[in-house]
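So you know, we letter chains A, B, ... as the sequences are listed, proteins then strands, and number each from 1.
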Amino acid sequence: MKNELNHKLIQIKNLKKYYPVTAGLFSRHIGDIKAVDGVTFDISEREIIGLVGESGCGKSTLGKTIPRLEEPTSGEILYRGTDITKLDKKGLRELRGEIQIIFQDPDASLDPRMTVGDSICEPLVIHNIDNEKKRMDRVAELMEQVGLEARQADLYPHEFSGGQKQRIGIARALALNPKLIIADEPVSALDVSIQAQILNLMMDIQEKFGLAYLLIAHDLSVIRHMAHRVAIMYLGKIVELANKQELFENPLHPYTEALLSAVPSFKSKGKGRILLRGDVPSPLNPPSGCHFHPRCHRVLHICSKEEPLLTEMAQDHFVACHLYR
Amino acid sequence: MIKRLQDIIKKISQHLRLNTRLINYYWQRTRRNKLAVAGLAFIIFLVALGIIGPLFTLDPTEVNFEERDMPPVYLPSEQFTYDIQTGQYTTKEIRGTWKHALGTDSKGRDMLAMLVSGARISLLVGLIATGIAIILGTIIGVLSAYLGGWADNALMRFTDVMMTFPFFLLLVLIVFIFGRSLAIIVLAIGLTGWTGAARLLRSESLSLRTREFIVATKALGASDNRVIFRHLIPNVISLIIVIATLSIPSVILAEAALSFIGLGDTTKTSWGIILESGQNTLETSPWVAVEPGIMIFLTVLAFNFLGDGLRDAFDPKSNI
Amino acid sequence: MNNAVLKVSNLKTYFFTGRGTVKAVDGVDFELRRGECLCLVGESGCGKTVTALSILRLFDSPPGKIVDGRVSYDGLDLVKCPSKRLRQIRGKDIAMVFQEAQSALNPVFTIGDQITEQIKLHIPVGYARAKDRAITLLSEVGIPSAESVMSYNPHQLSGGMKQRVLIAMGLSCDPKILIADEPTTAVDVTIKAQILDIFRELKTSRQMSTIFITHDLAVVAEIGDRAVVMYGGKDVETAPVSEIIGNAKHPYTSGLIACLPDIAKSTGRLTSIPGATPNPLEMPQGCAFHPRCPKAMEVCSQQEPTETTISKEHKVNCHLYT
Amino acid sequence: MGKSWLRNYVIKRLIYSVIIAWGILTITFILIRVNPSSPADEYLANLAATGQDPVQVKAAIEARYGLDKPIYEQYIDYMGNLLQGNLGWSFSTSMPVTELIKKHWIYSFQLILLSSLFAAFLGILIGIYSAVKQYTKTDYAFTFFSFIGISIPNFWLGVMLILVFSVQLGIFKTYYDTTLSLFSIDNLKALVLPVMTLGTGMLAGYVRYTRSNMLDNLRKTFVTTARAKGLPERTVIGKHVFRNAMLPLITIIMFDLGSIVFGGAYITEIVFNIPGLGQISFNAIFANDYPVVMAVTLIVTFMVLLVNLISDITYTYLDPRIRYD
């Protein structure tokens, strides 16, 4: 396991995605929403990396920027050494077979006017793989792999339940044998009893096909079960990045601490919880210095003035906080 | 362009053939709305009437002054006649005959025959003008949404100008200047009536473009063509059908209104033309104005019923 | 028993739709005791929200209708009492807080308008007093600069703030019972913690009786005193929270607990409940849970289980214990 | 921030409106001037009898009205005059266009105003009632009649009303009497049939819009909140639901106000022989009297744009969500 982790699949360097904001009579450019603001990390082969943050922190944008569904503003994304940001149309199409996405809302991610068989088959058609007959066999095989019956291929999405639709989304993502799957909150729209089914399925296929996952979530409990490494994001930046064990047992950033203690649990009963003040600020007008300082329970004098950099505190444990200088 | 169009039509029909089950599903949903079914039945009846009806009726153009102003069978009418010899007015009740079941006009033409051939013309006008308007509207709307940027801006500003234009005045101007032929009227209605469709289709396409299944398809590496023709267009087809169903009646109304103010094609017996001619004999033979009006009204009503039912059936949120 | 402030017995609320009858609530029994936090737990479509709405008859009617049962409050049957009397109870004696603060607040009125409207309706005070009271309430639920927030419209506030406004609105007439419908579902984790904290605070400071509706058993464990687990429109298990977490009897309850990814422990596969929640139009015969139940017996598909008493406080509807 | 935003918005819209009006005027000018027939033709028919040389007369008339100049010069002249507030001279009625319009606008205005008030008032009332009583017999009846109302051709309705009330029953005159003083009961009586003709379609439309908007809003959670507060149903419907349902209605009513000027009102004026702007522009088209056609187009366009602007501004005041976007 350890050995395999050393092969870097994706290396992201100083990635930025800004959305310009305009106002006034002549649509003057008055600022940027810095959805992703200088993010650096990498994903190894077969690794599950969890990306955690609250709504508006830019985690979904980051997920969409990697296969260039959103054009990055600057930075590099290396896939096995080639820079995705510099690929032409043809190269990009080929790449998109290797990196797939699973969405949060299983209902919206399937074309309501297409049978699910056609939906699962579509990647094969797009990339011109196999003939008609072989494709049908492959669709049947994929459906069985995600726990559906092959004869259901002729049905339309509205004839399935939420959990089944998510399985269909997974089958479609698997069709091209990708190396990386970006799963954007894959279970948060599902019922509790269905969530476990889908998470188990995702773990099974990860092992079986040797996939890497970028698992995006707002909740640390799902991440705890799935991920090898965890990155915590706040207002467009990664504030802490570590191995799961390390992060959960020895969280360094005050925001991580708060997130960990905020999750309701059978045991804690809310005792010793760190309660953060206020809400996540607007990414259009983030606070000065460390973006987290107005809500931080361990705030220092320097925090409002200077932005902390992501530095390695222990082995493979990175944190961006003035407490550890 | 034409090749592209053929391509679109081929792809759409291919898609429709594949999706008979989907069509069946929507038909089942439409069927629950009784008014929509009644509307559809009336439209089918009208189409049948327009196609084969003229085979069974008299010649609608045959003028016969002997039998002018004959009342329909359901309405006996009194006729004043001035006797030149005695210099007296006499009142005579005349009854309709089954030969002219719906009466005759002031030139003795058979009303039933005129209404039946009017159905053909009014439906054709409705279909062709709507067709032109919908095709224009779809191209402009979808293109505008997909291109974005300055092209979108230019197209939408042009749409705004056309929308602000006093529609009926424009129609009257065009028809007055270019001649009162049916072809000009159909073209004029088609070329001015696309703005609503363009707006609706643009906003629908814009919202579809950001839907996750479109993003998912792009993530699979699909080309723009594939996204537009396999996902975008099939998903706006239901909206196109609804817009078309609801704009046919307004086209029929516009043509009738033009005829009514004397800008119709008098060589063709559309319902509007019959109605216009009946307006002068309102006091003596009101049926000439009443009957085509009822036909227009029922047709418009039928299309409105059907359009409304289809809109509900296609709306995933509605619980019918 | 006499410390029960609200008693729901054999409540049945059906929805008569074009496609058939949805038995959203199909025979639910529970009581709410003074000063306790009672949790209604279940997945989507289990009828927990409709149960809450039925208490104050707030569901859409038609198509909804209470076909049977009683809701006893203060010597009154809320199911049958005249709507004028019910309106005096709504907002004054029993208040509700809804899940999506975004849509639960009227977008075209200011926060101040919406809170003072309720105060003036039930308490004979002038606008100035009502406004003072609203500001006090807003600060009590942790809204900074409450005075200026009064003139805001809902869209100017974040999701967490809106949820607080709703809670303040619910508290505005000092209700005896507060019904909260998933108040923590649509907000972020850190905000969720803040909201739960408010509820815990309220329990100690106001001694209020609360019905807390949620799908999240961890939330139940944290703030609930007793819980009613619901499935397919019925209450399947009723017990103190510690019993529910530690000694669940119904296979559905234990399944729910097992499949929850808990932050306290890591590793391994999650236990899952197979299948999907049933379609409300085609409820399975017998026990609604039997097609998904790992311990299903033959009798489960034929006969509906009745309530069995495990202990004085612990009741379960399952054939395993009869 | 709010104030300057509104000012910017109004300025933007005004500039935009001027551009649209210019576009419409130009299209109209081109359309009407490509017409081969000339306004002088009308005179020629009369003058032929007096034995004057038609070619000379035509040239003289065309020279007098500047019609002999190239079309672009005529266009520049027209626009130049327009900027100075000069709408030109009506050929067919031999009077300044401004005078002509001053004389006739009131007839259109009273018809449109009364019809809109009648339709809006009754339509909104029935719509609300129908929505509140959804699925009852009354609701079905109103819905059915509103379908009939939107489907009935208004010119035919006018003819039928004349047939029944004037020809058969003799209650009203078959035409509008211009000799009546504007603010008299008799004038109101004379307008009953025209207002019914023009108003029925609008009324039916408003019933449908009001009903569906009310129903949309009745399903929203804030209605349940309002009921949970203990508010009486009257307040819930009249305040909470209606205030929200009214917003889109304003746009529709205003849009109708603008657009019906030349749809229904035009034909209604012809059916009842009301000498309003519709009637004179109609005559002007047949007489090639382009300054009148241009002037009426300008007025209608101006009205439509003005009404749209007013409705948008009202909207921003009533819907706080838009104000700060």
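Enclosure of atom NZ in C/Lys23 is not indicated, since only 12 or fewer non-hydrogen atoms of other residues, nucleotides or ligands lie within 6.0 angstrom. Within 6.0 Å of the CD atom in D/Glu233, the count of heavy atoms belonging to other residues, nucleotides or ligands exceeds 12. In C/Phe59, the CZ atom is crowded: over 12 heavy atoms of neighbouring residues, nucleotides or ligands sit closer than 6.0 Å. Within a 6.0 Å sphere centred on NZ of C/Lys131, heavy atoms belonging to other residues, nucleotides or ligands number 12 at most. Under a cut-off of 6.0 angstrom, the local environment of CZ in C/Phe16 is crowded, with over 12 non-hydrogen atoms contributed by other residues, nucleotides or ligands. Within 6.0 Å of atom CD in C/Gln102, 12 or fewer heavy atoms from other residues, nucleotides or ligands are found, so the atom counts as exposed in its surroundings. Around atom OH of C/Tyr127, more than 12 heavy atoms belonging to other residues, nucleotides or ligands sit under 6.0 Å away.
A donor-acceptor distance shorter than 3.5 angstrom exists from the side chain of C/Asn106 to the backbone of D/His240, with no hydrogens or angles considered. C/Ser103 contributes no side-chain N or O that, together with a main-chain N or O of D/Thr221, makes up a donor-acceptor pair within less than 3.5 Å. A donor-acceptor pair under 3.5 Å links the side-chain atoms of D/Lys229 to the main chain of C/Gln114, judged by distance alone.
In plain terms, the two heavy atoms of C/Met96 and D/Ala228 that are nearest each other are CB-CB, 4.2 Å. In this structure, C/Leu53 and D/Thr224 approach most closely via the heavy-atom pair CD2-CG2, 3.9 Å. In plain terms, the two heavy atoms of C/Pro107 and D/Asn244 that are nearest each other are CG-OD1, 3.3 Å.
D/Phe222 has its side chain out of reach of C/Pro154: every pair of non-hydrogen atoms, C-beta onward, lies at least 4.5 Å apart. You'll find the side chain of C/Gln118 stays beyond 4.5 Å of the side chain of D/Leu231, heavy atoms only.
Looking at C/Phe109, only its side chain comes within 4.5 Å of chain D, counting heavy atoms on both sides. There is no contact between C/Ala95 and chain D, counting heavy-atom distances below 4.5 Å. Only the backbone of C/Leu105 comes within contact range of chain D, with at least one heavy atom under 4.5 Å from a heavy atom of that chain. Neither the backbone nor the side chain of C/Ile89 comes within contact range of chain D; no heavy atoms are under 4.5 Å apart.
For the atom pair CD (C/Glu100) and NZ (D/Lys220), the distance works out to 12.5 Å, reported to the nearest 0.5 Å. D/Gln134 CD to C/Asp60 CG: the interatomic distance, rounded to the nearest 0.5 Å, is 9.0 Å.
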Kindly list each side-chain donor-acceptor pair under 3.5 angstrom involving residues 138-146 of chain D, sequence neighbours excluded, with atom names and distances?
residue, atom, partner, partner atom, Å
D/Asp139, OD1, D/Ser130, OG, 2.6
D/Asp139, OD1, D/Thr143, OG1, 3.4
D/Asp139, OD1, D/Arg211, NE, 2.8
D/Asp139, OD2, D/Tyr135, N, 3.0
D/Asp139, OD2, D/Arg211, NH2, 3.1
D/Thr143, OG1, D/Asp139, O, 2.7
D/Ser146, OG, D/Phe142, O, 3.4
D/Ser146, OG, D/Thr143, O, 2.7

**Message:** I'd like to know whether D/Lys239 forms a salt bridge (charged side-chain N to carboxylate O under 4.0 Å, His left out) with C/Glu117, so could you lay out the CA-CA distance, the side-chain angles of the two residues, the decisive distance to 0.1 Å, and finally the verdict.
**Reply:** CA-CA 11 Å; D/Lys239 185 179 171 189; C/Glu117 181 184 38; 3.0 Å; yes

